[in-house]
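First the structure, in the form of structure tokens, and then the observations on it.
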Amino acid sequence: MSALTAFFYETYHLGLRTTRRFVRVPANWISIIFFPLVQLLVFSQLYKDIVQLPGFGGESSYLAYLAPGQVAFAGLMAVAWSGYGLLVEFRSGYLDKLRAYPISRWSILAGEMVPLFFQAAAMAAVILVVSVFLGATLVTGVGGFVLILVLTGAFGVAFAGSSFIPALLTKSEQATSTISLLLFPLMFMSTAFVPKALMPGWMQVVNDWNPVTYLIEAMRALMITGYDWGAIGKAVLSLVILGTILQAVTLWAFQRLAR
Amino acid sequence: MRAYDGPAIETEGLVKIYRGGTRALDDVSLEVAPGELFGLLGPNGAGKTTAIRVLATLLRATAGTARVVGLDVVTQAVEVRRRLGLAMQNPTLDAFSTGRETLELAGRLQGMAAAAVRRRSDELLELMGLSSVAKKLAGTYSGGMKRRLDVAAALVHCPELLILDEPTEGLDPQSRTALWEELERINASGTTMLLTTHYMEEADRLCSRVAIIDYGRIVVDGAPGALKQGIGADTVVLQIESDGAADLGVVAEPAGANSDGAGAGAPSDPVVLVRRLLEGMVAPGAVIAHPVGVSLAVPNANAAVPALLRRLESDGLRVTGLQVTQPTLDDVFMKYTGRRIREEAADQPLLLGW
């Protein structure tokens, strides 16, 4: 086996375990789905008439506007608790034990991180299906469905560092959870709830630099208008930039821990 | 199957100094022969876990070298990991994997093929008496079952060397005895084993050879029997009563007393009395006070006791109780360190490095 084949092989087997851990604790996915689901159900009713404001550009259903943001939010929630799981395994000595196997230490990290693609995508799928069931549109059909899940999954992996980095650096469960919560405003300061035109000036600036916005805009196009390759391109680019920065810091923090 | 015939473990001058200056290992040189069941015995914080972590490639020594089945633990770490099974002090299991999944993952990470892993897992579940719970999550297992599963996971790839850190720590006596039997069987089938323990009876019962470690130094090593013989004497505890009087002094007085001039106490002191009565048979220094009477250090006590009793009884002392004990490893530890091992919790698992 070449080093690369071995890496994929090890990541696959370790990733299966991480996935089992996720699936077998219903509290994991219930707590992830709960928040976006409630926002979807409550806000779509509460702010039903908000779409009459000029910034919405003639959109007739707030549910349709709201849905892509909540799909992305499900992905964000899936990542928010991942560092916590890593810490539990660090503390129990499980990660240490893995180091005594003839495997690459990068496989250990990848085995924790790669499953986030599937976790984020699965959680997004639930919210997406519920949205459509409630009346949100998905004009691009199955193709768009798959593309939205791939984008959310990619977001999950790209954004994993937001939870892994505090976990690896602080080694504190509390700090990791708190920092994850502090990232929720990223969602509020994106176009998840209202269009950019309705934001105060300073928030428009935040919004322009917010990768979550580009993800949501691409998905919103897929749901409401059709394949907007420009928006999809921007989403992919922002995920690549975000992912590169966060992964680099994560690798550094991981190496620091292993030293 | 074994390509290498040299020592299973060979360390030379291992030193580990942690950040902060703690000297956990201080010039440790060890050699473990293939097939041995070797015990590293010592109190908490003696350096046992550190030694194991160095051997298992998890920790780098500050100085010295260590080889496992002929391979250097630093420069050939990956090769060492392939030939080594490790069970840590606290079973480190994924609570959300079943027993079978745990073994299969361990096998896959050791690079075994799917079919081989399945066969070997069946075998080990059977051997460890876990077949009936193979499909249950490891998190639901009892302490003894977790430990057995952890040991099984370390054995999946048929390692040449099995390293166990405090394998029975925290187990109830029944599970402990059961695990001892498993370990003996595994060793008998040819697996070299290194275990750490701070339980004397564990080292005594299981190990073909032990090294006593204290403050990071190996103070003595050898077969438990030989070490105990090295103490040179058994202990005889005598419960005594003077003939016809409760007070020993009544008997002692007419004999003219204190002629040995040791000044070790009043003439009525049973120790003084027994010392005098046994003069020529037992050295005076070998007689010391004991809560129920006196304690004697006597080589080969089983043969010597009848003559001792005759001498004491003929001189009017009545022995109402007698207890002969062979030296224990605890006595060995006492001899070499001047202290007794405290049987409390074992070393805290080290999170240093990770």
Side-chain angles (χ1 to χ4, degrees), chain A residues 1-3 5-29 85-112 115 167-172 253-259, chain B residues 19 49 52-53 55-60 68 71 73 76-98 101-102 104-114 117 137-140 146 150 153-154 156-157 159 163 165 348-354:
Chain A
M1 253 196 295
S2 76
T5 330
F7 173 75
F8 285 127
Y9 168 91
E10 292 155 13
T11 302
Y12 171 74
H13 287 288
L14 289 169
L16 274 187
R17 185 194 69 85
T18 311
T19 306
R20 283 200 297 261
R21 184 187 69 196
F22 177 76
V23 172
R24 286 179 184 172
V25 186
N28 282 342
W29 32 274
L86 185 74
L87 263 187
V88 170
E89 309 223 305
F90 166 69
R91 228 175 270 300
S92 75
Y94 191 83
L95 289 185
D96 198 28
K97 169 77 157 292
L98 287 180
R99 283 206 312 149
Y101 283 100
I103 58 176
S104 149
R105 72 168 59 146
W106 305 119
S107 315
I108 300 175
L109 185 61
E112 292 280 339
L168 294 169
L169 290 185
T170 68
K171 290 178 202 159
S172 146
F254 185 71
Q255 210 162 12
R256 184 174 168 274
L257 183 72
R259 209 185 296 141
Chain B
R19 273 170 291 185
T49 301
I52 275 193
R53 289 179 64 85
L55 289 172
T57 74
L58 294 176
L59 192 67
R60 227 177 241 221
V68 169
L71 301 163
V73 295
Q76 292 165 296
V78 173
E79 279 305 304
V80 168
R81 291 170 192 168
R82 275 191 232 285
R83 288 168 164 77
L84 178 90
L86 172 68
M88 307 233 216
Q89 188 178 314
N90 299 316
T92 40
L93 297 167
D94 176 18
F96 300 107
S97 291
T98 67
E101 285 165 348
T102 303
E104 293 191 349
L105 176 63
R108 298 315 297 251
L109 293 182
Q110 285 288 355
M112 294 167 71
V117 166
L137 298 186
T140 66
K146 278 184 184 150
D150 206 30
V156 160
H157 57 301
I163 295 187
D165 195 4
Q348 282 306 300
L350 288 164
L351 280 176
L352 293 160
W354 254 58

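Chain letters run A, B, ... following the sequence lines, proteins first, then strands; residues in each count from 1.
In this structure, A:Y101 and B:A153 approach most closely via the heavy-atom pair OH-O, 4.4 Å. Shortest non-hydrogen contact noted between B:G111 and A:Y9 is CA-OH, 4.1 Å. Taking both residues in full, the closest heavy atoms of A:K97 and B:D150 are given as NZ-OD1, 2.9 Å, listed atom of the first, atom of the second, then distance. In terms of heavy-atom proximity, B:R81 sits nearest to A:I103 at NH1-O, 4.2 Å. Here the shortest heavy-atom pairing between B:S97 and A:R24 reads CA-NH1, 3.8 Å. Of all heavy-atom pairs spanning B:F96 and A:R21, the tightest one is CD1-CG, 3.7 Å.
In terms of non-hydrogen atom pairs under 4.5 Å with chain A, the most contact-rich of B:H157, B:E104, B:E101 is B:E101.
Using a 4.5 Å cut-off between heavy atoms, B:L93 contacts chain A through its backbone alone, with no side-chain atom that close. Contacts between B:A87 and chain A at a heavy-atom distance below 4.5 Å are absent for every atom of the residue. Of the atoms belonging to A:V23, not a single heavy atom falls under 4.5 Å from chain B.
Checking side-chain atoms of A:R99 against main-chain N and O of B:L58 turns up a donor-acceptor pair under 3.5 Å.
With a 4.5 Å cut-off on side-chain heavy atoms, A:L16 and B:L105 do not count as touching.
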What verdict does the side-chain contact (heavy atoms from CB on, under 4.5 Å) test give for A:L98 and B:T92, after you've listed the backbone C-alpha separation in whole Å, the side-chain angles of each residue and the deciding distance to 0.1 Å? CA-CA 10 Å; A:L98 287 180; B:T92 40; over 6 Å; no
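Residues A:R20 and B:D94 are not paired through a salt bridge, judged by the lack of any N-O separation under 4.0 Å between the basic side chain and the carboxylate.
In B:R60, the CZ atom is not crowded: 12 or fewer heavy atoms of neighbouring residues, nucleotides or ligands sit closer than 6.0 Å.
One distance of note links CE of B:M88 with OH of A:Y94; it measures 11.0 Å at 0.5 Å rounding.
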